[in-house]
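Right, one structure below, let's go through it.
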There are 2 protein chains.
Amino acid sequence: MTSTLGFAILSVLARGDRTGYDLAAAMRRPVGYFWTAGHSQIHAELQKLLGAGLVGFEAEHGPGPRDRKVYHLTAEGTRALREWVTEPPRERPERDELVLKTYASWLAEPELVRRMFADQLAAHETRLAEYERHEASFGGPPAPGDPRFGNYATLRCGMGYERHRAEWCRWMLAQLGEG
Amino acid sequence: MTSTLGFAILSVLARGDRTGYDLAAAMRRPVGYFWTAGHSQIHAELQKLLGAGLVGFEAEHGPGPRDRKVYHLTAEGTRALREWVTEPPRERPERDELVLKTYASWLAEPELVRRMFADQLAAHETRLAEYERHEASFGGPPAPGDPRFGNYATLRCGMGYERHRAEWCRWMLAQLGEG
DNA sequence: GGGATCATGTAATTGGTTACATGATTGT
DNA sequence: ACAATCATGTAACCAATTACATGATCCC
């Protein structure tokens with residue numbers, strides 16, 4: 001019963017062998033945009049994946065008191081990952097604090113609500129500009145089958161999300177009236 | 001240190017007094033679209049809110065072995081909620097299984113990926129149609145200050161989200177080619 | 001009689017965050 | 001000398017899910 005975090009790790013490892021430290025770095029950016037984990041969680045999960053025979057490692061003597069371990073996918077790990085990819089994702093409950101605040105916004109001062117949404121809008125516009133710059137660095141969409149397709153397709157999703165959020169913020173501001 | 005779940009409960013209670021059971025029902029739909037909790041979590045959180053003096057209850061002898069407790073906001077609870085609403089939401093890490101699968105989709109069979117996205121697209125279109133029917137039942141946007149504004153604004157957010165997701169699914173299908 | 005709904009709670013487990021702990025190498 | 005980076009791990013805690021437990025009333 002490999003967890004989603006386990007498959008997140010396998011997904012990164014499928015692009016190249018890495019240490020736990022490298023995995024933690026990768027799961028801040030770009031994987032962190034859709035799945036994050038701290039290093040403590042990653043080391044623990046790697047033990048489980050090792051026990052399940054989905055990954056292996058080669059140890060070199062590294063900096064610090066313990067060995068440096070470079071992890072790689074096993075044949076079984078690759079097979080498990082490939083199988084998991086096309087299984088329908090199990091939906092997890094949404095938890096969105098801004099939307100919850102919006103639900104209760106009728107009892108707050110409109111001016112303060114307006115300010116909150118103005119800040120949110122600015123943040124979304126900044127992130128969208130960042131993503132757009134990143135998108136431009138791809139020379140158009142890579143072919144499915146190319147590992148870079150994964151990066152590009154998730155980036156496109158992020159761009160759509162930021163646009164949708166920004167639009168909703170603008171709609172909210174219009175509802176609240178000019179400040 | 002009231003948790004977000006605590007404020008979710010206060011947000012529902014602000015619209016009318018309720019039992020823990022009623023709160024659990026409310027947090028499936030419509031609040032469940034942006035914050036869910038099971039009844040066990042809710043009963044536990046109500047104890048904390050009670051301890052913090054943000055809610056109170058009146059007990060009647062109800063069905064089952066224990067008293068039925070109708071909870072209500074205290075003055076302090078209303079104040080805490082009103083304050084929380086306009087504080088900037090602390091951002092929590094994104095965790096999206098479909099996007100993670102997309103990241104690893106380059107090593108799967110394109111036809112299976114295509115099928116997964118076709119299913120997702122259908123689900124989003126169904127939900128969007130549902131939301132649109134619900135939106136039509138409002139006679140246009142209520143004024144901010146009206147509790148119904150909270151329902152309407154969150155519904156609008158949900159509609160935008162479903163549209164964005166559906167569009168991304170269609171883009172993915174186009175990338176993967178006709179099946 | 002039987003199942004759904006109403007109504008409360010506890011316990012066990014999993015998933016995730018934060019803090020603690022250690023220590024070499026590289027760059028300023 | 002000092003800070004940052006590389007590198008591993010454990011422990012404590014909080015949030016959330018699932019399972020366990022009880023029992024009355026209402027509708028078929």
Side-chain angles (χ1 to χ4, degrees), chain A residues 1-9 12 17-29 31-32 34-52 55 57-71 89-97 100, chain B residues 1-9 12 17-29 31-32 34-52 55 57-71 89-97 100:
Chain A
M1 282 299 123
T2 303
S3 68
T4 307
L5 171 62
F7 287 111
I9 290 172
V12 177
D17 300 352
R18 275 176 180 79
T19 64
Y21 184 89
D22 291 333
L23 281 162
M27 290 184 72
R28 272 191 286 275
R29 268 156 301 128
V31 180
F34 45 90
W35 209 275
T36 349
H39 78 275
S40 65
Q41 216 187 341
I42 287 169
H43 285 298
E45 188 67 32
L46 281 168
Q47 297 300 314
K48 287 185 205 167
L49 293 172
L50 207 60
V55 300
F57 67 85
E58 261 145 299
E60 317 164 359
H61 102 276
R66 290 182 199 82
D67 273 359
R68 173 186 138 97
K69 298 174 186 172
V70 182
Y71 288 88
R90 56 187 188 118
E91 38 191 317
R92 26 178 74 227
E94 287 286 328
R95 281 201 181 84
D96 192 318
E97 207 172 297
L100 179 59
Chain B
M1 283 298 121
T2 304
S3 68
T4 307
L5 170 62
F7 288 111
I9 290 173
V12 177
D17 301 353
R18 276 176 180 77
T19 64
Y21 184 89
D22 291 332
L23 281 162
M27 290 185 72
R28 271 191 288 276
R29 270 154 302 129
V31 180
F34 44 91
W35 209 276
T36 348
H39 78 275
S40 66
Q41 215 187 340
I42 287 169
H43 285 299
E45 189 66 32
L46 281 169
Q47 297 300 315
K48 288 184 204 167
L49 293 173
L50 207 60
V55 301
F57 67 86
E58 261 145 298
E60 318 164 358
H61 101 278
R66 292 185 197 80
D67 274 359
R68 172 187 139 98
K69 298 174 186 173
V70 182
Y71 288 89
R90 56 188 188 118
E91 37 191 319
R92 26 179 73 225
E94 287 284 329
R95 283 203 180 83
D96 191 319
E97 208 173 297
L100 179 58

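So that the names make sense, note that chain A is the first sequence line, chain B the second, and so on, each numbered from 1.
Closest to the side chain of B/Lys69, out of D/dA7, D/dT17, C/dT8, is C/dT8. With distances taken from any side-chain atom of B/Arg66 to the nucleotides C/dG23, C/dG9, C/dG16, the minimum falls on C/dG9. With D/dA7, C/dG16, D/dA16 as the candidates, the nucleotide lying closest to the side chain of A/Arg95 is D/dA16. Out of C/dA24, C/dG15, C/dA7, the shortest distance to the side chain of A/Pro63 is found at C/dA24. Checking D/dG9, D/dC6, D/dA16 against the side-chain heavy atoms of A/His43 singles out D/dG9 as nearest. Nearest to the side chain of B/Ser40, among D/dA16, C/dC6, D/dT17, sits D/dT17. The side chain of B/Tyr21 lies closest to C/dT5 when the candidates are C/dT5, D/dT5, D/dA16.
Per the geometry, CZ belonging to B/Phe57 stands 10 Å off P belonging to C/dT8, to the nearest Å. A straight line from CG of A/Asp67 to P of D/dG9 spans 9 Å, rounded to a whole angstrom. In this structure, B/Ile9 atom CD1 and D/dA15 atom P are separated by 12 Å, rounded to whole Å. A/Met1 has its CE atom 16 Å from the C1' atom of D/dT18, to the nearest Å. The distance from atom CD1 of B/Ile42 to atom C1' of C/dG9 is 13 Å, rounded to the nearest whole Å. Per the geometry, CD belonging to B/Glu60 stands 15 Å off C1' belonging to D/dA24, to the nearest Å. Residue B/Asp22 contributes atom CG, which lies 14 Å from atom P of C/dT5 at whole-angstrom precision. If you measure from atom CG of B/Leu23 to atom C1' of C/dC6, you get 14 Å, rounded to the nearest angstrom.
The side-chain heavy atoms of A/Met27 and A/Leu5, taken from C-beta on, include a pair separated by under 4.5 Å.
Direction of the helix axis in the helix from C/dG1-D/dC28 to C/dT28-D/dA1 shifts by 30° between the two five-pair termini, rounded to 10°.
A/Asp67 and A/Ala59 make their closest contact through OD2-CB, 3.6 Å (heavy atoms, listed as atom of the first residue, atom of the second, distance). Closest approach of A/Leu50 to A/Val55, counting heavy atoms only: CD1-O, 3.4 Å. The minimum heavy-atom distance linking B/Arg95 with A/Thr36 is given by the pair NH2-O, 2.9 Å. Listed here is the closest heavy atom pair of A/Val31 and A/Val12: CG2-CG2, 3.8 Å.
At distances below 3.5 Å, not a single donor-acceptor pair connects side-chain atoms of A/Arg18 with backbone N or O atoms of A/Tyr71.
Contact check, B/Gln41 against D/dT17: a side-chain N or O comes under 4.0 Å of OP1 or OP2.
Across all strands shown, A/Gly20 has heavy atoms under 4.0 Å from sugar-phosphate atoms exclusively, and none from any base.
Applying the 3.5 Å distance criterion, the base of C/dT8 shares a donor-acceptor pair with the side chain of B/His39. In the interface, the side chain of B/Thr19 is not paired with the base of C/dT8 through any donor and acceptor atom under 3.5 Å apart.
Along DNA chain C, the nucleotide closest to A/Pro65 and the one closest to A/Leu5 are compared, and the more 5′ of them pairs with A/Leu5.
The number of heavy atoms from other shown groups lying within 6.0 Å of CD (A/Glu91) does not exceed 12.
Distance check: A/Gln41 CD to A/Leu23 CG gives 12.5 Å after rounding to the nearest 0.5 Å.
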